[in-house]
Amino acid sequence: MLILILSLVLLTTNTDTQTNNNDRNMKFELIKLPYSTDALAPVISKQTIELHHGKHLQGYVNNLNNLIQGTEYENADLETIVKKSDGTIFNNAGQVLNHNLYFTQFSPNGGGKPSGKLLTAIETAWGSFENFQKEFEAASTGLFGSGWAWLAADENGKLLIVKESNAGNPLTKGLKPLLGFDVWEHAYYVDYQNRRADHLKELWKIVDWKVVEQRY
Ligand code: MN
């Protein structure tokens with residue numbers, strides 16, 4: 001809990017600093033949520049959405065905009081920056097991309113299972129959708145520290161579960177990210193405290209499979 005509070009304080013400080021830079025041309029913007037901040041409750045509370053999207057993601061966006069000024073990434077698109085950069089630019093660009101994918105893959109009307117060729121590919125890779133869910137939860141729960149579990153596709157459409165630490169994204173391995181579960185504590189600590197596995201189980205109820213199918 002102490003770590004959470006400390007990181008919130010740091011992020012708030014960052015955000016305050018960034019607002020002094022309004023005269024600069026801010027390239028990347030905070031994505032708009034396709035639902036209201038209370039729409040995903042009780043799976044993800046309004047408070048968590050407000051902190052996670054409004055503070056954490058905003059912080060990454062602000063940091064990225066400042067860090068790329070005067071660098072070779074100044075006019076690059078987000079995916080190019082994630083593929084080519086390292087260090088703090090990569091960390092912030094990766095987290096902007098990761099969270100853009102994360103927040104747009106949920107819907108208050110989500111849940112159920114995918115259909116069409118995505119479902120077929122999942123069944124080919126893991127035998128059944130239920131078994132995929134089990135494997136995905138195990139990968140997410142088993143990640144040590146902060147990171148992401150991804151459902152990703154290779155160039156032939158073959159599906160894989162990819163575990164990434166910190167700001168990692170399967171894009172850097174030449175894979176296409178389809179669905180990402182954020183296992184940083186900021187994603188669940190307010191609602192679930194240390195119960196990461198419980199949080200992950202609940203997330204299935206809000207996954208918008210239509211969005212994930214479109215990414216595939
Ligand atoms: Mn996050």
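Every number for a ligand or one of its atoms is a count from 1 in the order of the listing. What you see is a predicted model; the values in this text were computed from it and never measured.
When the Mn ion (ligand 1) is compared with the N/O/S atoms of D182, atom OD2 turns out nearest.
Here H186 meets the criterion, with an N, O or S atom under 2.8 Å of the Mn ion (ligand 1).
Aromatic ring orientation, H99 versus W148: perpendicular (interplanar angle above 60°, classes split at 30° and 60°).
Judged by distance alone, the side chain of K176 and the main-chain N or O of R215 form a donor-acceptor pair under 3.5 Å. Formation of a donor-acceptor pair under 3.5 Å by the E213 side chain with backbone atoms of S115 is found in this model.
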Donor-acceptor pairs under 3.5 angstrom involving side-chain atoms of residues 119-131: please list them, not counting sequence neighbours.
unit_1	atom_1	unit_2	atom_2	d
T120	OG1	G116	O	3.1
T124	OG1	T120	O	2.8
S128	OG	N131	N	3.0
N131	ND2	W126	O	2.9

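Our summary of the site lists the angle at the Mn ion (ligand 1) between NE2 of H99 and NE2 of H52 as 90°, to the nearest 10 degrees.
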